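Contents: one structure, followed by commentary.
This one's a predicted model, so the numbers in the text were calculated from it and none came from an experiment. Every chain is numbered from 1 and lettered A, B, ... according to where its sequence line falls, protein lines coming before strand lines.
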Amino acid sequence: MAAYETIYAIVRQIPVGKVATYGQVADLAHMPGRARLVGYALFRVAPNSDIPWHRVINAKGEISESPERYGSDYLQRSLLEAEGIQFTPHGKISLQDYRWIGQALLSQKT
DNA sequence: CTAATGACGTAGA
DNA sequence: ATCTACGCCATTA
């Protein structure tokens with residue numbers, strides 16, 4: 001039980017071929033500014049879960065890396081490419097093209 | 001109860 | 001464009 005459940009719910013709503021930033025998920029999860037909690041939540045969820053954690057990236061449009069992930073960042077990139085997401089030569093993702101627009105944000109969108 | 005942790009975000013230089 | 005520093009606060013031991 002935890003606010004993390006909300007985060008998981010948001011991540012599960014990310015459609016294939018799209019990506020969301022931690023801040024994006026945090027905002028949709030009613031936790032603006034708690035991007036760290038989102039990232040930490042995904043760390044706990046682990047790739048064994050049915051949650052598309054690989055569709056969540058940082059605000060820079062890149063995949064976060066951490067020595068504790070044992071190279072799971074490589075796996076994440078592989079999964080994203082499998083969904084048709086392109087990576088720039090710099091190893092980044094075109095956020096403005098693949099950024100998932102949450103339904104709550106659709107109303108806010110100009 | 002306290003202490004430590006953490007896949008981030010933003011601002012300033 | 002890159003780098004540093006601080007804040008954010010739920011979860012776990």
Side-chain angles (χ1 to χ4, degrees):
Chain A
M1 53 87 43
Y4 285 1
E5 261 184 53
T6 313
I7 295 172
Y8 301 147
I10 300 300
V11 178
R12 252 181 289 209
Q13 287 167 52
I14 303 176
V16 179
K18 294 278 190 168
V19 295
T21 66
Y22 295 99
Q24 192 83 55
V25 175
D27 184 55
L28 293 171
H30 297 173
M31 303 179 190
R34 266 125 271 184
R36 308 187 82 191
L37 288 312
V38 178
Y40 194 44
L42 293 175
F43 181 73
R44 293 184 68 254
V45 87
N48 308 14
S49 212
D50 58 307
I51 300 174
W53 55 273
H54 56 264
R55 294 184 195 143
V56 187
I57 57 180
N58 62 18
K60 291 176 291 194
E62 297 184 80
I63 299 173
S64 300
E65 12 182 292
S66 180
E68 303 303 310
R69 286 180 59 185
Y70 299 97
S72 64
D73 54 290
Y74 176 81
L75 174 63
Q76 180 168 11
R77 175 169 168 171
S78 181
L79 290 169
L80 291 173
E81 290 185 307
E83 301 201 342
I85 295 176
Q86 305 172 47
F87 279 75
T88 69
H90 293 281
K92 303 201 303 189
I93 299 173
S94 303
L95 267 181
Q96 58 186 345
D97 290 331
Y98 292 102
R99 180 188 54 185
W100 171 55
I101 308 296
Q103 296 184 338
L105 298 180
L106 286 175
S107 307
Q108 181 177 259
K109 188 175 182 296
T110 46

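Salt bridge status for A/K18 with A/E83: absent, with no side-chain N to carboxylate O gap under 4.0 Å.
The distance between atom CE of A/M31 and atom P of C/dC8, rounded to the nearest whole Å, is 16 Å. If you take CZ of A/R77 and P of B/dA7, they are 21 Å apart, rounded to a whole angstrom. In this entry the distance linking OH of A/Y4 with C1' of B/dA7 reads 11 Å, nearest Å. Look at CG on A/L75: it is 17 Å from P on B/dA7, rounded to the nearest Å. Between the CD1 atom of A/I7 and the P atom of C/dC8 there is a distance of 17 Å, given to the nearest Å. Atom CG of A/L42 is separated from atom P of C/dT11 by 14 Å (rounded to the nearest Å).
Across the interface with DNA chain C, nearest-nucleotide mapping of A/Y40 and A/K92 shows A/K92 to be the residue nearer the 5′ end.
Shortest non-hydrogen contact noted between A/I10 and A/L28 is CD1-O, 3.6 Å.
Residue A/L37 places its side chain closer to C/dA10 than to any other of C/dA1, C/dT11, C/dA10.
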What one-letter contact string describes nucleotides 8-13 of chain B from 5' to 3', where B marks a base within less than 4.0 Å of any protein heavy atom, S marks contact via sugar-phosphate atoms alone, and - marks no contact? BS----
Side chains of residues 88-97 of chain A: which donor-acceptor partners sit under 3.5 Å, not counting sequence neighbours?
{"residue": "A/T88", "atom": "OG1", "partner": "A/H90", "partner atom": "N", "Å": "3.3"}
{"residue": "A/T88", "atom": "OG1", "partner": "A/K92", "partner atom": "N", "Å": "3.0"}
{"residue": "A/T88", "atom": "OG1", "partner": "A/K92", "partner atom": "O", "Å": "3.2"}

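Note on ring orientation: taking the six-membered ring where Trp is involved, the planes of A/Y8 and A/Y4 are perpendicular (angle over 60°, cut-offs 30° and 60°).
A 4.5 Å side-chain heavy-atom check between A/R55 and A/V16 finds at least one atom pair inside the cut-off.
A/R36 forms no cation-pi arrangement with A/Y22, by the criterion of a distance under 6.0 Å to the ring centre and an angle within 45° of the ring axis.
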